[in-house]
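We name chains A, B, ... by the order of the sequence lines, and we start the count at 1 in each one.
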Amino acid sequence: MMITIRYFGLLTEVTGCTSEKINFSGTTIFDVKEVLFQKYKTLKNKDFQVAQNNELNTDKTKITSTEIALLPPFAGG
Amino acid sequence: MMITIRYFGLLTEVTGCTSEKINFSGTTIFDVKEVLFQKYKTLKNKDFQVAQNNELNTDKTKITSTEIALLPPFAGG
Amino acid sequence: MKNHKPKNAFRKGAITTEFIANSIAKHQVKTSIGAHNIFLGQVRADEINAKKVAAIDYTAHEDMANLKFHEIREAAFLRFDLSCMHIYHSIGNVNAGEICLFVFVSSKRRKEVFPAIEFIVEEIKAKVPIFGKEIFNDQSHQWKVNS
Amino acid sequence: MKNHKPKNAFRKGAITTEFIANSIAKHQVKTSIGAHNIFLGQVRADEINAKKVAAIDYTAHEDMANLKFHEIREAAFLRFDLSCMHIYHSIGNVNAGEICLFVFVSSKRRKEVFPAIEFIVEEIKAKVPIFGKEIFNDQSHQWKVNS
């Protein structure tokens, strides 16, 4: 299926975009990360969390949304 | 000696004035209070502290100033 | 900026929102500040025995009060890593809904301002000889006591 | 007044002192309020490797951020006895010395506002997906990380 990956903060500099659609056949956040680590070699060294449906997920979380967000460390305030 | 007694807050309603001079022959805050309790019978029932030189005193504190302040409970803020 | 000279903390009547805005604006040139914390005391229209507080008339032993404000300021600068600190208290009439106390602390880092503001406000309540006559809407009154 | 509807906490650019003054003024009709506490985050002109921060460009996962702001607000209303609570955060460019975060809590009694403001600010720092690009005076940049 096609899912949209959104990038924020310094991750937009790693990927060169703020969002992109990828063709995805896995089931978990871990699987999404594997695909992205293949595409962006330096992403693996970056500190980030993954969210879908506006909630943070763990590697084991099942993909239930067509939009996944990669969030670097927060800097609000 | 003549000393000035200053009254604040609700104490001004007990004494009917904000300050007065009294002729005083004692040596401590306790002595001042005795004089004032004689003059104002209801003062004894009031909750107050005594200050001279801008500092709170105890009954045993010696009189070193010609101005004594009677302070009811604080209500700042 | 630390200011260790005693000053007059009293302002006649209510503290206005314009005055507060101005105080904040003055700190925007101080670009080492990362966090401000502001406490405002507002006069409540408390209902006591079916009568409503319309205003508080504040009086004070002003010399002693300004000395106590100064001591509180010094103690806070010693305890906390603050860039700036300001304390203003009303004297005279302040209507219900109006502001009677304005405490303003600033620091490089936020962790300093939270305990500092609480310390200062509690010290003011406990140590500064200020008196409040609560005026009810029928013009009767009672004397406020801090809890 | 409790407001449990999710809302947009983001304001384009710096939060002005007029906006803050206005927010305070709006609470003066609420005469059951006795204490306000305001936290302001201000952009610091930090010097990093001999370069000075001139501004921060804030971006956010806005939908998620507004949900998190809402959850923080709900949690604070549950934990503390608050009359009102407002949170505003800048999005886009905020120059050094300007205000990027405005948290405003009000309560009948002062004891509630001190822990409430600290709780809210710490929760915002930890849970809200906001990102800050620190722009140096030579136009180079680095990404801010909360400590």
Between D:V121 and chain C, which part of the residue has a heavy atom less than 4.5 Å away: side chain, backbone, both or neither? side chain
Atom group of C:V103 that falls short of 4.5 Å from chain D, counting heavy atoms: neither
Do C:Q28 side-chain atoms and D:G97 backbone N/O form a donor-acceptor pair below 3.5 Å? yes
If you count heavy-atom pairs within less than 4.5 Å of chain D, which of C:P115, C:G34, C:A21 leads? C:G34
Here's a test for you: under ring-ring contact (aromatic ring centres under 6.0 Å, His included), which of C:F39, C:F114, C:F104 qualifies with D:F39? C:F114
Could you tell me whether C:D138 atom CG has more than 12 heavy atoms of other residues or ligands within 6.0 Å of it? yes
Leading residue by heavy atom contact count with chain D [cutoff under 4.5 Å; candidates C:K125, C:K52, C:E47]: C:K125
Knowing that exactly one of D:I20, D:N37, D:L40, D:I24 qualifies, which makes a side-chain contact (heavy atoms from CB on, under 4.5 Å) with C:I38? D:L40
If you count heavy-atom pairs under 4.5 Å with chain C, which of D:H27, D:E98, D:K108 comes out on top? D:K108
Please check if the number of heavy atoms outside C:K51 that lie under 6.0 Å from its NZ is greater than 12. yes
Please look at D:L101 and chain C and tell me whether the side chain, the backbone, both or neither of the residue comes under 4.5 angstrom of a heavy atom of that chain. neither
Under 4.5 Å heavy-atom distance to chain C, tell me which part of D:V53 shows up: side chain, backbone, both or neither. neither
Minimum heavy-atom separation for C:Q42 and D:H36, please, with both atom names. OE1-NE2, 2.6 Å
Please lay out, stage by stage, how D:E118 and C:R110 fare under the test salt bridge (Lys or Arg N to Asp or Glu O under 4.0 Å). CA-CA 9 Å; D:E118 183 166 8; C:R110 73 184 183 281; over 6 Å; no
